Asks: 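Dumping the structure here so I can ask a few things about it.
Every heavy atom of this structure was used, including side-chain atoms; hydrogens, water molecules and symmetry mates were not. None of these values were measured; they are calculated from a predicted model.
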Amino acid sequence: MDRPKALSLRGMRIYKGLIATEDQKAIIEDLREVTRRAPLFSPMTPYGKPMSVRMTSAGRFGWVSDKAGYRYADRHPNGQNWPPIPKRVLTIWEQVAGTERSPECCLVNFYGEGAKMGMHQDRDEMDFGQPVVSISLGDEALFRVGQATRGGKTESVWLQSGDVVVMNGEARLLYHGIDRIKTGTSTLLRDGGRLNLTLRVVT
DNA sequence: AAGTAACT
DNA sequence: GAAA
């Protein structure tokens, strides 16, 4: 399948406006079913401080954080299985991921007013040869990308609803984070805020 | 340090 | 004082 054009930020591919507005709305409806079966929760870092995002997952595995550390778990903290990844979301993966494998986790992060995400690497997966695909929905977010080690120079870009970022190859292990969101810049979510979907092969 | 604060 |  042909892949759409993308900008590059330090090797990360950024597909601006990849998802049409009607599809964004449909995905939000799909996610209502996900969060009904797997409610958003506020994760604790292993250091005892809560994260400012609320999160849940879909797929075979979900990403969780608590005093035991960061890891993938096959159950929601409530003991239930994670719901399936919505088909429309899998379609986006197929458009941009460039791998035969299917994602095993769709992490759903909700950024309300003031929520942010510190600089980190995605390194809890078994195979760093598999890509990470990140989908932005709702309010704009200031996305920052650094180096493969902590503390180097960084570059930032604003992500808007419908943008898709692919981290692969040399960019797969770059540090990245969300500095802040700009509330009220999208009406996709009725009560505002931003949803980020992160698709990953885990095993 | 997937957090927070301080500092420039 | 805001932003990085």
Asks: Checking A:F128 now: which residues fulfil ring-ring contact (aromatic ring centres under 6.0 Å, His included) with it, not counting sequence neighbours?
Replies: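 Testing A:F128 for ring-ring contact (aromatic ring centres under 6.0 Å, His included), a comparison that skips the adjacent residues, returns none.
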
Asks: Please list, chain by chain and in numerical order, all residues satisfying side-chain contact (heavy atoms from CB on, under 4.5 Å) with A:K67, sequence neighbours excluded.
Replies: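 Listed in chain order: nothing, the list is empty.
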
Asks: Sorted by first residue and then second, give each side-chain hydrogen bond (donor to acceptor under 3.5 Å, both in side chains) pair with at least one member in residues 49-58 of chain A; sequence neighbours left out.
Replies: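 For residues 49-58 of chain A, and leaving out neighbouring residues, there are no side-chain hydrogen bond (donor to acceptor under 3.5 Å, both in side chains) pairs at all.
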
Asks: Spell out, as yes or no, whether a donor-acceptor pair under 3.5 Å connects the side chain of A:T35 to the backbone of A:A38.
Replies: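 It does not hold such a pair.
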
Asks: Checking side-chain polar atoms at under 3.5 Å, does A:H76 have a donor or acceptor matched by the opposite partner on A:N81?
Replies: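 Looking only at side-chain atoms, A:N81 and A:H76 do not form any donor-acceptor pair under 3.5 Å.
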
Asks: Applying side-chain contact (heavy atoms from CB on, under 4.5 Å), can you list everything that pairs with A:Y175, at least two apart in sequence or on another chain?
Replies: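 With neighbours one apart ignored, the set is A:M119, A:Q121, A:R150.
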
Asks: Which of parallel (below 30°), tilted (30 to 60°) and perpendicular (above 60°) describes A:F41 and A:W82?
Replies: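 Rings of A:F41 and A:W82: tilted, as their planes differ by 30° to 60°.
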
Asks: Give the dot-bracket line for DNA chain C from 5' end to 3' end: parentheses for intra-strand Watson-Crick or G-U pairs under 3.5 Å, square brackets for crossings, | for inter-strand pairing, dots for unpaired.
Replies: ...|

Asks: Reading DNA chain B 5' to 3', which nucleotide is the first, and which the last, to come under 4.0 Å of any heavy atom in chain A?
Replies: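 Range of nucleotides touched by chain A: B:dA1 to B:dT4.
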
Asks: Sorted by first residue and then second, give each salt bridge (Lys or Arg N to Asp or Glu O under 4.0 Å) pair with at least one member in residues 72-89 of chain A; sequence neighbours left out.
Replies: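 Every salt bridge (Lys or Arg N to Asp or Glu O under 4.0 Å) pair that includes a residue of residues 72-89 of chain A, provided the two are not neighbours, is A:D30-A:R88.
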
Asks: Given the rule that I, L, V, M, F, W and Y join up when any side-chain heavy atoms are under 4.5 Å apart, are A:V108 and A:W93 in one cluster?
Replies: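 The answer is yes; both residues are in one hydrophobic cluster.
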
Asks: If you take any heavy atom closer than 4.0 Å to DNA chain B, which residues from residues 104-127 of chain A end up in contact?
Replies: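 Going residue by residue through residues 104-127 of chain A, the ones with a heavy atom under 4.0 Å of DNA chain B turn out to be A:K116, A:M117, A:G118, A:M119, A:H120, A:D124.
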
Asks: Pairing donors with acceptors under 3.5 angstrom, does anything connect the side chains of A:N109 and A:T198?
Replies: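 Short answer, no.
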
Asks: Mind checking what makes side-chain contact (heavy atoms from CB on, under 4.5 Å) contact with A:N168, not counting sequence neighbours?
Replies: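 A:N168: side-chain contact (heavy atoms from CB on, under 4.5 Å) contacts with A:P131, A:V166.
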
Asks: According to side-chain contact (heavy atoms from CB on, under 4.5 Å), who are the partners of A:P84, at least two apart in sequence or on a separate chain?
Replies: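 For A:P84, the residues satisfying side-chain contact (heavy atoms from CB on, under 4.5 Å) (neighbours in sequence not counted) are A:R37.
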
Asks: Please measure how far the C1' atom in B:dA1 lies from the corresponding atom in B:dA5, and state the result in whole Å.
Replies: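 Result for the C1' pair: 13 Å, nearest Å.
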
Asks: Salt-bridge test for A:R172 and A:E125: reply yes if a basic N is under 4.0 Å from a carboxylate O, no otherwise.
Replies: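 Here A:R172 pairs with A:E125 in a salt bridge, since their nearest N and O are under 4.0 Å apart.
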
Asks: For A:R13 and A:S8, does a side-chain donor sit closer than 3.5 Å to a side-chain acceptor?
Replies: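 Distance-only check fails for A:R13 and A:S8.
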
Asks: What residues from residues 38-62 of chain A pass a heavy-atom cutoff of under 4.0 Å to DNA chain B?
Replies: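 Only A:T45, A:Y47, A:P50, A:M51 qualify.
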
Asks: Assess whether a salt bridge exists between A:R60 and A:E104, defined as any Lys/Arg side-chain N lying under 4.0 Å from an Asp/Glu carboxylate O.
Replies: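 Judged by the 4.0 Å cut-off on N to carboxylate O distance, A:R60 and A:E104 do not form a salt bridge.
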
Asks: Return the polar atom pairs (N/O with N/O) between nucleotides 2-4 of chain C and the protein under 3.5 Å, or none.
Replies:
residue, atom, partner, partner atom, Å
C:dA4, OP1, A:R180, NH2, 3.2
C:dA4, OP2, A:R180, NE, 3.4
C:dA4, OP2, A:R180, NH2, 2.5

